[in-house]
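Position 1 is the first residue of the sequence; numbering continues from there.
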Amino acid sequence: MIRECGATEDDYHLVHQWCHLATLNHAPGEEDLHPRHDVCFDLDSYRMLLHFLNRGIEHFVMP
């Protein structure tokens with residue numbers, strides 16, 4: 001999970017095996033960890049994720 005802090009609210013990006021699952025405007029719960037659609041690896045998404053992670057953006061590993 002990557003937490004992106006905004007001026008008025010935060011966004012939470014759920015990622016599993018370099019695939020973006022969802023963007024939420026609330027802290028994710030167990031029900032959010034299951035994708036609602038098919039996901040696949042996307043090279044552009046991978047590059048954006050690396051960019052954020054290399055900048056030191058706040059992220060967490062969820063069980």
> Please tell me whether L24 and L21 are part of a single hydrophobic cluster in this structure, the criterion being side-chain heavy atoms less than 4.5 Å apart.
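Looking at the clustering, L21 is in the same group as L24.
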> Checking D10 now: which residues fulfil salt bridge (Lys or Arg N to Asp or Glu O under 4.0 Å) with it, not counting sequence neighbours?
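Checked D10 against salt bridge (Lys or Arg N to Asp or Glu O under 4.0 Å); matches are R3.
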> Using atom types as modelled and distance alone, determine if a side-chain donor or acceptor of H16 lies under 3.5 Å from a backbone N or O of L14.
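Here the side-chain-to-backbone pair does not exist.
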> Measuring from atom CE of M48 to atom CG of L43, what distance do you get when rounded to the nearest 0.5 angstrom?
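Here the rounded value is 10.5 Å.
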> Would you mind reporting whether N25 and D11 have side-chain heavy atoms less than 4.5 Å apart?
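The answer is yes; the side chains approach within 4.5 Å.
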> Taking C-beta and beyond as the side chain, do H20 and D42 meet within less than 4.5 Å on heavy atoms?
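Counting from C-beta outward, H20 and D42 never come under 4.5 Å.
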> Test of understanding: with salt bridge (Lys or Arg N to Asp or Glu O under 4.0 Å), list the residues that count as partners of E4, not counting sequence neighbours.
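Result, salt bridge (Lys or Arg N to Asp or Glu O under 4.0 Å) vs E4: none returned.
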> Hey, could you give me the CG/CE distance between D32 and M1, rounded to the nearest 0.5 Å?
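The distance works out to 10.5 Å.
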> Which residues pass the ring pair (Phe, Tyr, Trp, His ring centres under 6.0 Å) test with Y46, sequence neighbours left out?
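Y46: ring pair (Phe, Tyr, Trp, His ring centres under 6.0 Å) contacts with W18, F41.
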